[in-house]
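Here's the structure, in structure tokens; my notes come after.
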Amino acid sequence: MKITLNVTVRPFNLDYTLQCGQVFRWEKHGSWWYGVVAGKAIKIRQIRDVLEYEGARTDFIGKYFRLDDSLPVILSRISKDVYVRGVVRKFHGLRLINQDPWECLISYICATYKNIPAIEDMVNKLSKQFGSVMTLDNNRFYAFPSSNSLSSATISELVQCKLGFRAKSVHEAAKQVENGAVSFVELGSMSYEAAKRELLKLPGVGSKVADCVLLFSLNKLEAFPVDVWVKRTILNNYHEHFDDAFIRKASAKKSLTSGEYRRISSFAREYFGEYAGYAQQYLFHNERSACQRA
DNA sequence: TTGCCGCCTTTGTA
DNA sequence: ATACAAAGGCGGC
């Protein structure tokens, strides 16, 4: 199956989109990217204007990669100054992905105080241990485990997947999803603020994790997750929007208080506007790629 | 109500 | 080798 994008009207860069650290389960072999989405193995590649794929329907690909988002409009809206304009130009075509909320929630609970390679390792171990196996091009792939399978796993089994202190949160969150205490369908229909209040009730979910779930899987494009990289880039490049005492205090510490988090993310939401989440992902990817480390 | 401290596993890197 | 950083959260005071 193929989609012709016409990238001048509908810009898209598959590599930036899958490499920028928003998803953890895609791997590139040769020119093809392989991943498991919605319980099915998919392969996809991009050659200039053409997106070629197997294992999914066209409408699913379009929805997953948000191909209906008008990137020219979004990028022009968030390009409020020369700095962000440069970053947007550098990674032009990067799109947010519309992830499965359940997988996104567990992935970002695991992401707490871990770097991206370690997160990929944890999520792959969870999938191999608890997910169903499938084959594509003679390679084995594993579905992301269901809420039922993670809620019925033991803590020690989860610890063996290198989750550490996150194991209890993952287990408890899985139980709450499984028993219906949280419904992603309901969250999707709520406002950003209301959905965030609900997510914050889950164990292992604070402001940052909640914003990631809202942005990456619940269509709340105004969400602006602030992790260590985003904090760094905002305080360095937008310091004129904060007083010196705040800059010094927030820069010195590794983790933010909830007040400091709110101050940075609400500044960004007001400054970048309704598509602040897109700005966040471009800035995050730029800050991280400026550093050599994965 | 808010702020600040210390701790929470594990892995990789300098 | 030993220390530090990593898409933070939470309970204590």
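The analysis underlying the following values was restricted to heavy atoms, covering all of them including side chains, and did not include hydrogens, waters or symmetry mates. Within every chain, numbering begins at 1; the chains are lettered A, B, ... in the order of the sequence lines, protein sequences first and strands thereafter.
If you check every strand for non-hydrogen atoms under 4.0 Å, A/Y261 touches nothing. Contact annotation for A/L283: no contact, since no heavy-atom pair falls under 4.0 Å across all strands. Looking at heavy-atom distances under 4.0 Å, A/K208 makes contact with a base. As judged by a 4.0 angstrom heavy-atom cut-off over every strand, A/A111 is placed among residues touching the sugar-phosphate backbone only. Residue-level contact check: A/G259 touches the backbone only, with heavy atoms under 4.0 Å from sugar-phosphate atoms and none from bases. When heavy atoms are screened at a 4.0 angstrom cut-off, A/Q280 is found touching base atoms of the nucleic acid.
Taking side-chain N and O atoms only, A/K249 has a distance below 4.0 Å to OP1 or OP2 of B/dC4. Residue A/R232 has a polar side-chain atom (N or O) positioned under 4.0 Å from OP1 or OP2 of C/dA6. Side-chain nitrogen and oxygen atoms of A/K162 include none within less than 4.0 Å of the OP1 or OP2 phosphate oxygen of B/dT9.
At a cut-off of 3.5 Å, with distance as the only test, a side-chain donor of A/S147 or A/E178 sits close to an acceptor on the other residue. A donor atom on one side chain and an acceptor atom on the other are found under 3.5 Å apart for A/R45 and A/S31.
When the C1' atom is compared between B/dC4 and C/dA7, the two are found 23 Å apart, to the nearest whole Å. Between B/dT9 and C/dA1, the distance separating the two P atoms is 26 Å to the nearest Å. Comparing the C1' positions of B/dT2 and C/dG11 gives an interatomic distance of 15 Å, to the nearest angstrom. Look at the P atom in both B/dT11 and C/dC10: the space between them is 23 Å, to the nearest Å.
Electrostatic pairing of A/K249 and A/E260 does not count as a salt bridge here, judged by no charged N lying under 4.0 Å from a carboxylate O. Comment: A/K43 engages A/D137 in a salt bridge, judged by a side-chain N to carboxylate O separation of less than 4.0 angstrom. Ionic pairing of A/K162 and A/D121 is not present here: no N-O contact between side-chain nitrogen and carboxylate oxygen is shorter than 4.0 angstrom. Classification of A/K28 and A/D15 as a salt-bridged pair holds, one side-chain N sitting under 4.0 Å from a carboxylate O.
Comparing C/dA7, B/dC4, C/dG8 by their nearest atom to the side chain of A/Q22 picks out C/dA7. Among the nucleotides B/dC4, C/dG8, B/dT9, the one closest to any side-chain atom of A/V228 is C/dG8. Of the candidates B/dT10, B/dC4, C/dA7, B/dT10 carries the atom nearest the A/K114 side chain, counting heavy atoms from C-beta on. Nearest to the side chain of A/F165, among C/dA7, B/dT9, B/dC4, sits B/dT9. Nearest nucleotide to the A/N115 side chain, out of B/dT9, C/dA7, B/dC4: C/dA7.
We find that CG of A/L256 is positioned 16 Å from P of B/dT2, with the value rounded to whole Å. Spacing between atom NZ of A/K254 and atom C1' of B/dC8 amounts to 15 Å, rounded to whole angstrom units. The distance between atom CD of A/E120 and atom C1' of C/dA7, rounded to the nearest whole Å, is 12 Å. Atom CG in A/N124 sits about 18 Å away from atom P in B/dT10, given to the nearest Å. Taking atom NZ of A/K196 as the reference point, atom C1' of C/dG8 lies 13 Å away to the nearest angstrom. Atom CG in A/L202 sits about 12 Å away from atom P in C/dG9, given to the nearest Å. Taking atom CD on A/E287 and atom C1' on C/dA6, their separation rounds to 14 Å, with Å as the unit. Across the protein-nucleic acid pair, A/R166 atom CZ and B/dC7 atom C1' stand 13 Å apart, rounded to whole Å.
Under the stacking criterion of a centre-to-centre distance below 5.5 angstrom and an interplanar angle below 30°, A/F284 sits stacked against the six-membered ring of C/dA7.
At a threshold of 4.5 Å between non-hydrogen side-chain atoms, the residues A/Y282 and A/V84 do not count as touching.
With a cut-off of 3.5 Å on both Watson-Crick or G-U wobble distances, the partner of B/dA14 is given as C/dT2.
On a pure distance criterion of 3.5 Å, a polar donor-acceptor pair joins the side chain of A/Q281 and the base of C/dA7.
In terms of position along DNA chain C, the nucleotide closest to A/I119 lies nearer the 5' end than the nucleotide closest to the other residue of the pair A/I119 and A/P203.
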